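Structure, as structure tokens:
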Amino acid sequence: MSAILTQPTGAAHTRIYAYGAARGENAVPNDDIIEPINSSDEWIRQRTGIVTRVRAGADTDAIDLASDAAAEAIQRSGVAPEQIDAVIVATISNPKQTPSVSAIVADRVGANPAAAYDLNAACAGFAYGVAQADALIRAGAAHYAVVIGTEKLSDIVDPTDRSISFLLGDGAGAAVIGPSDTPGIGPTVWGSDGSKSDAVGMNHTLTEFRDGAAPWPTLRQEGPTVFRWAVWEMVKVAREAIEKAGITVDDLAAFVPHQANMRIIDEFAKQLKLPESVVIGRDIETTGNTSAASIPLATHRLLEEHPNLSGGLALQIGFGAGLVFGAQVVVLP
């Protein structure tokens, strides 16, 4: 008779326990960046809604930002660091190809020997991480997880590029996820459209840079293409996430989209026909676009400014390079 393997099962439900945040130390107003792109404060505000963005100093990297955000989330969660058994970091700006940001962060926050890995899903990274943490805990592969989105995009931006450079900021946001008596994380709607991968991404490879065939790789985008895709296609994804969660827009307390562009956020809200009671994350105005960090940073700020949102339902949706996307409804801690 063949031996029968033991296959673990975990908690029936999960929820987010707490958020943490870390932003770049330096505020960079529009006036500081308009000369290299031959633009104006008015042009940037009208096109993006950004007044200023935060950027980290030369001695701060994505690992430092992630560690600070994770430490706050763990402290607020009431979960002891040594109980965290999975650390998932979403980032496109690890200063090294390896080791992972996650392994270093796990050690810094006292979570050794937690499972740790990085994922690259650009601006959808945090939503991907939440989906994976939820699945790992319900499968019994982890009990508590910390999911982090962290970016130092100022390291991979060309200050003379008018397509994206003025949008980008630095920061990290984190969430502790664990078991729950009731459902706290709805089904994730996620996917990609690699046929449009040239619409936003790095303009060169590290190999080309090494061989002297190209300058340092930086982020570029086709703004109109990304705008149309985000507004028309991602609204469908948001609606599907709401439907799969078994709720309606009237049940939402908050809407936290990726902080790509204020015009996209406003059009999103219009297309979804959100009630006036829904609080919308607009962290981009003073933080900028922080890619994988933008959803947890915006949520952290909403909860600081509107503590009454605790216990309410929030729709979060990320979308970005690749063109990858992820959305889910969560109960706010």
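Remember, it's a predicted structure, so these values are computed and weren't measured experimentally.
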Got a sec, which residues hit salt bridge (charged side-chain N to carboxylate O under 4.0 Å, His left out) with [X], two or more places apart in sequence or on another chain?
| X | answer |
| --- | --- |
| Asp161 | Arg220 |
| Glu240 | Lys244 |
| Asp251 | none |
| Glu82 | none |

Show which side-chain atoms of residues 54-62 pair as donor or acceptor with protein atoms under 3.5 Å away, not counting sequence neighbours.
unit_1: Arg55; atom_1: NE; unit_2: Leu168; atom_2: O; d: 3.0
unit_1: Arg55; atom_1: NH2; unit_2: Ser165; atom_2: O; d: 2.8
unit_1: Arg55; atom_1: NH2; unit_2: Leu168; atom_2: O; d: 3.0
unit_1: Thr60; atom_1: OG1; unit_2: Glu25; atom_2: OE2; d: 2.5
unit_1: Asp61; atom_1: OD1; unit_2: Ile63; atom_2: N; d: 3.0
unit_1: Asp61; atom_1: OD1; unit_2: Asp64; atom_2: N; d: 2.9

(Q) What I want to find out is whether Asp266 reaches Arg282 closely enough, with some N-O distance under 4.0 Å, to be called a salt bridge. (A)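 Salt bridge: yes.
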
Q. Salt bridge between Arg53 and Glu151, side-chain N to carboxylate O under 4.0 Å?
A.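 So Arg53 does not pair with Glu151 through a salt bridge.
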
Q. Would Lys273 and Val249 satisfy side-chain contact (heavy atoms from CB on, under 4.5 Å), going step by step from the backbone distance to the final call?
A. CA-CA 8 Å; Lys273 298 180 181 178; Val249 292; 5.7 Å; no

Q) side-chain contact (heavy atoms from CB on, under 4.5 Å) between Leu206 and Gln97: does it pass, once the steps are laid out? A) CA-CA 10 Å; Leu206 288 174; Gln97 295 293 99; 3.7 Å; yes

Return the [atom1] to [atom2] distance between [X] and [Y], rounded to the nearest 0.5 Å.
| X | Y | atom1 | atom2 | value |
| --- | --- | --- | --- | --- |
| Leu153 | Asp170 | CG | CG | 6.0 Å |
| Ile284 | Leu167 | CD1 | CG | 6.0 Å |
| Gln259 | Ile295 | CD | CD1 | 8.5 Å |
| Thr225 | Asp198 | OG1 | CG | 10.0 Å |
| Gln271 | Arg239 | CD | CZ | 6.5 Å |
| Ile37 | Asp158 | CD1 | CG | 10.5 Å |

Q: Go through the steps to decide whether Arg138 and Thr14 satisfy the test side-chain hydrogen bond (donor to acceptor under 3.5 Å, both in side chains), and finish with yes or no.
A: CA-CA 7 Å; Arg138 290 191 290 114; Thr14 64; 5.0 Å; no

Can you find a pair of side-chain heavy atoms, one from [X] and one from [Y], that are under 4.5 Å apart?
| X | Y | result |
| --- | --- | --- |
| Ser100 | Val89 | no |
| Asp118 | Ser102 | yes |
| Leu323 | Ser192 | no |
| Asp193 | Glu233 | no |
| Val146 | Val105 | no |
| Arg301 | Thr286 | yes |
| Val147 | Ile16 | no |
| Leu136 | Ile88 | yes |

(Q) Going by side chain to side chain donor-acceptor pair (under 3.5 Å), name the residues that satisfy it together with Thr98, two or more places apart in sequence or in a different chain. (A) none

Q. Is the count of non-hydrogen atoms from other residues, nucleotides or ligands lying under 6.0 Å from Glu304 atom CD greater than 12?
A.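 Atom CD in Glu304 is crowded, with more than 12 foreign heavy atoms closer than 6.0 Å.
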
Q.
Can you tell me if Asp181 has over 12 outside heavy atoms packed within less than 6.0 Å of its CG?
A. no

Q. For Asp41, what residues pass the side chain to side chain contact (heavy atoms under 4.5 Å, CB included) criterion, not counting sequence neighbours?
A. Asn30, Asp31, Arg45

Q) Partners of Ser197 by side chain to side chain contact (heavy atoms under 4.5 Å, CB included), sequence neighbours excluded? A)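 Applying side chain to side chain contact (heavy atoms under 4.5 Å, CB included) to Ser197 gives none.
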
Would you say [X]'s side chain and [Y]'s backbone share a donor-acceptor pair under 3.5 angstrom?
| X | Y | value |
| --- | --- | --- |
| Gln221 | Ser163 | yes |
| Glu285 | Val51 | no |
| Arg108 | Ala70 | no |
| Thr299 | Pro296 | no |
| Ser93 | Lys152 | yes |
| Thr9 | Ala139 | no |

Which residues share a ring-ring contact (aromatic ring centres under 6.0 Å, His included) with [X], sequence neighbours left out:
| X | answer |
| --- | --- |
| Phe325 | none |
| Trp190 | Tyr128 |
| Phe209 | Trp216 |

Is it possible for you to say whether [X] and [Y] belong to one hydrophobic cluster, with membership spreading through side-chain heavy-atom contacts below 4.5 Å?
| X | Y | answer |
| --- | --- | --- |
| Ile148 | Leu119 | no |
| Val331 | Ile242 | yes |
| Val279 | Val329 | no |
| Phe126 | Phe255 | no |
| Val237 | Val278 | yes |

Q: Would you check, one step at a time, whether the test side-chain contact (heavy atoms from CB on, under 4.5 Å) holds for Val157 with Thr218?
A: CA-CA 5 Å; Val157 62; Thr218 57; 5.7 Å; no

Q: Measure across Ile265 and Pro257 and return the closest heavy-atom pair with its distance rounded to 0.1 Å.
A: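 Distance-wise, the nearest heavy atoms are CG1-CG, 3.8 Å.
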
Q. Looking only at heavy atoms, which two atoms of Ala73 and Gly20 are closest? And how far apart?
A. CB-N, 3.5 Å

Q.
Before you tell me yes or no, could you show the steps for Ile44 and Ile33 under side-chain contact (heavy atoms from CB on, under 4.5 Å), namely the whole-Å CA-CA distance, both residues' side-chain angles and the distance that decides it to 0.1 Å?
A. CA-CA 10 Å; Ile44 294 175; Ile33 63 172; 4.3 Å; yes

Q) Distance only, no hydrogens: is a donor on one side chain within 3.5 Å (strictly under) of an acceptor on the other, for Ser294 and His258? A)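 Yes, His258 and Ser294 have a side-chain donor paired with an acceptor closer than 3.5 Å.
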
Distance-only donor-acceptor pairs under 3.5 Å for side chains of residues 306-322, two or more places apart:
unit_1: Ser310; atom_1: OG; unit_2: Pro333; atom_2: O; d: 2.8
unit_1: Gln316; atom_1: NE2; unit_2: Gln328; atom_2: OE1; d: 2.6

Q | Aromatic ring pairing Tyr17/Tyr144, orientation class (parallel under 30°, perpendicular over 60°, tilted between) | A |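 Tyr17 vs Tyr144 ring planes: perpendicular.
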
